[in-house]
Amino acid sequence: MQIQVRLERVRSLSSSTKDFRFVRVDGEPVSFVPGQFFRFVFTDQAGEFERSYSLCNFESDCLHGEFLDLVISTVDGGRASKLLFDAEPGFEATVSGPFGRLVLPEKLPKRLFLVATSVGIAPYMPMLDALRDSLRQGDVDVYFFYGTRDAEEFIYGQFLSAFAEQYKNFHLTVCYSRIESGDASIISHTNVTVRFGYVQNNMTELKMSPATDHVLLCGNPMMIDDLYPQLKQQGFGVRQVVREKYVFAKRPGVKNPAVEMTAEQKRLLAEKMKKYS
Ligand SMILES: Cc1cc2nc3c(=O)[nH]c(=O)nc-3n(C[C@H](O)[C@H](O)[C@H](O)COP(=O)(O)OP(=O)(O)OC[C@H]3O[C@@H](n4cnc5c(N)ncnc54)[C@H](O)[C@@H]3O)c2cc1C
């Protein structure tokens, strides 16, 4: 089903990231399961094109309503980035969805690991509200690992820190990929364990087990490609590890970009992905 949506609000969260509130033009509620994404069709001077975005509805006023909240990190030379980061309220798009299997398992495990890089945090934000009862009753321990460049890019830090204060079995770790060692001044939030380097390198010491643990991975494809083999070695399979890679959209006329790219283009793309991790 296609829905018409209109941009209602834009807020800047960091130098590279904004959140965008779209609203259904027909005023009907948006139906989705926390974790799912929608496909947005935008129109610019070159015509229509499509990009996927996870819903990041987590504030109390938008959990069940006509809103679609997105959190988007700008990409150099990106077509949607350009359009959205210049957009004013009133800008419209066509949306279809929801899609995706990065959702909470029907039966919660003893330990749930939510791992994200950058805007890969988006699908987890709506899940937090859905986890409140289980956290309150002590039915689950949630381990939230967030990889981001530095403290300025620790988006939703205040909300997450308050959530960790409220639920002692919500364990929050932030890993700063652009900071090499500990400086107490960067620890701007309480209830947060701070680590340095890539998030996947900070999970190697964890003793995890497929018998008790369920893992969701979202964001940078390189993080996911590094972490999944580590988990496989510990006995995890596709049932206990759900992955959602924020891959770039295919370019028109290019069937398989990975195959059709030259070695130099592949190197440039890998550098670009690293930059956004
Ligand atoms: C399921 C899913 C959910 C997503 N959710 C989110 C979300 O919640 N928030 C978010 O910010 N993003 C999300 N994304 C990513 C999002 O869909 C866009 O890819 C992202 O916003 C960049 O789009 P763009 O049009 O700005 O960049 P694009 O125009 O797609 O290009 C990005 C950059 O990469 C370069 N590039 C692209 N393809 C190639 C190629 N084949 N070879 C070499 N260089 C190339 C371009 O030149 C450009 O500089 C999600 C992706 C998926 C698949």
Side-chain angles (χ1 to χ4, degrees), residues 5 10-22 30 32-58 67-87 91 93 95-103 114 116-127 146-149 153 155-156 216-225 242-277:
V5 296
V10 183
R11 296 185 305 194
S12 190
L13 302 183
S14 73
S15 48
S16 72
T17 309
K18 290 187 179 186
D19 69 12
F20 297 82
R21 168 162 289 179
F22 284 89
V30 177
F32 78 107
V33 177
Q36 291 187 305
F37 67 91
F38 281 72
R39 297 202 174 108
F40 282 67
V41 176
F42 303 118
T43 309
D44 64 9
Q45 282 166 339
E48 285 190 347
F49 65 102
E50 187 183 277
R51 296 289 182 267
S52 299
Y53 293 102
S54 304
L55 282 210
C56 187
N57 297 36
F58 70 96
F67 301 115
L68 297 95
D69 282 357
L70 311 183
V71 56
I72 302 183
S73 169
T74 187
V75 171
D76 292 343
R79 193 171 168 189
S81 300
K82 165 99 186 81
L83 195 64
L84 286 167
F85 278 64
D86 289 346
F91 167 83
V95 165
S96 60
F99 302 103
R101 23 183 309 277
L102 188 90
V103 296
L114 306 177
T117 53
S118 180
V119 281
I121 197 172
Y124 301 141
M125 297 302 291
M127 287 182 195
Y146 184 44
T148 190
R149 287 188 239 173
E153 295 286 343
I155 53 174
Y156 306 130
L216 305 184
L217 306 177
C218 186
N220 187 322
M222 287 207 298
M223 175 277 281
I224 295 173
D225 288 343
V242 184
R243 294 164 283 169
E244 188 162 274
K245 295 182 182 180
Y246 279 4
V247 286
F248 289 134
K250 281 185 188 156
R251 288 174 165 182
V254 179
K255 281 197 190 119
N256 184 345
V259 172
E260 299 191 21
M261 269 190 278
T262 63
E264 180 58 10
Q265 281 172 326
K266 282 184 188 165
R267 191 188 63 74
L268 284 173
L269 190 59
E271 256 176 30
K272 199 171 288 214
M273 297 306 291
K274 217 169 177 176
K275 190 171 159 203
Y276 293 102
S277 67

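Order of appearance sets the numbers: ligands from 1, and atoms from 1 within every ligand. We count residues from 1, following the sequence as given.
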- [ ] Ignoring hydrogens, just give me the one of Pro123, Ser73, Ser52 whose non-hydrogen atom is nearest atom 52 (C) of ligand 1.
- [x]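 Comparing heavy atoms across Pro123, Ser73, Ser52, the nearest one to atom 52 (C) of ligand 1 lies in Ser52.
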Task: Criterion ring pair (Phe, Tyr, Trp, His ring centres under 6.0 Å) on Phe49 and Phe42, from CA distance to verdict - done: CA-CA 6 Å; Phe49 65 102; Phe42 303 118; 5.7 Å; yes
Open item on the list: Check for me whether Leu70 has a heavy atom closer than 4.0 Å to any atom of ligand 1.
Closed with: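 Judged by the 4.0 Å heavy-atom criterion, Leu70 does not count as contacting ligand 1.
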Mark yes or no for whether [X], through its side chain, and [Y], through its backbone, hold a donor-acceptor pair below 3.5 Å.
X	Y	result
Ser81	Val75	yes
Asp69	Cys56	no
Tyr146	Ser118	yes
Thr117	Gly219	no

Within ligand 1, which atoms have a heavy atom of [X] less than 4.0 Å away?
X	result
Arg79	24 (P), 25 (O), 26 (O), 27 (O), 28 (P), 29 (O)
Lys245	53 (C)
Val75	22 (C), 32 (C), 33 (C)
Ile72	11 (O)

TODO: Mind checking whether Val71 contacts ligand 1 via backbone (N, CA, C, O), side chain (CB onward), both or neither, at a 4.0 Å heavy-atom cut-off?
DONE: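 Backbone only.
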- [ ] Under 4.0 Å, heavy atoms only, figure out whether ligand 1 is touched by the backbone of Phe37, its side chain, both or neither.
- [x]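 Phe37 to ligand 1: side-chain contact only, backbone stays beyond 4.0 Å.
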Task: Atom of Val71, atom of Val119 and distance for their closest heavy-atom approach - done: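 Shortest heavy-atom separation between Val71 and Val119 comes out as O-CG1, 3.6 Å.
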Task: Which residues share a side chain to side chain contact (heavy atoms under 4.5 Å, CB included) with Phe99, sequence neighbours left out - done: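 Phe99: side chain to side chain contact (heavy atoms under 4.5 Å, CB included) contacts with Phe37, Arg39, Ser96.
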Open item on the list: Test of understanding: with side chain to side chain contact (heavy atoms under 4.5 Å, CB included), list the residues that count as partners of Val10, not counting sequence neighbours.
Closed with: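 Testing Val10 for side chain to side chain contact (heavy atoms under 4.5 Å, CB included), a comparison that skips the adjacent residues, returns Leu7, Lys18, Phe20.
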Is there any N or O on [X] that sits under 3.5 Å from an N or O of ligand 1?
X	value
Asp76	yes
Ala122	no
Ala80	yes

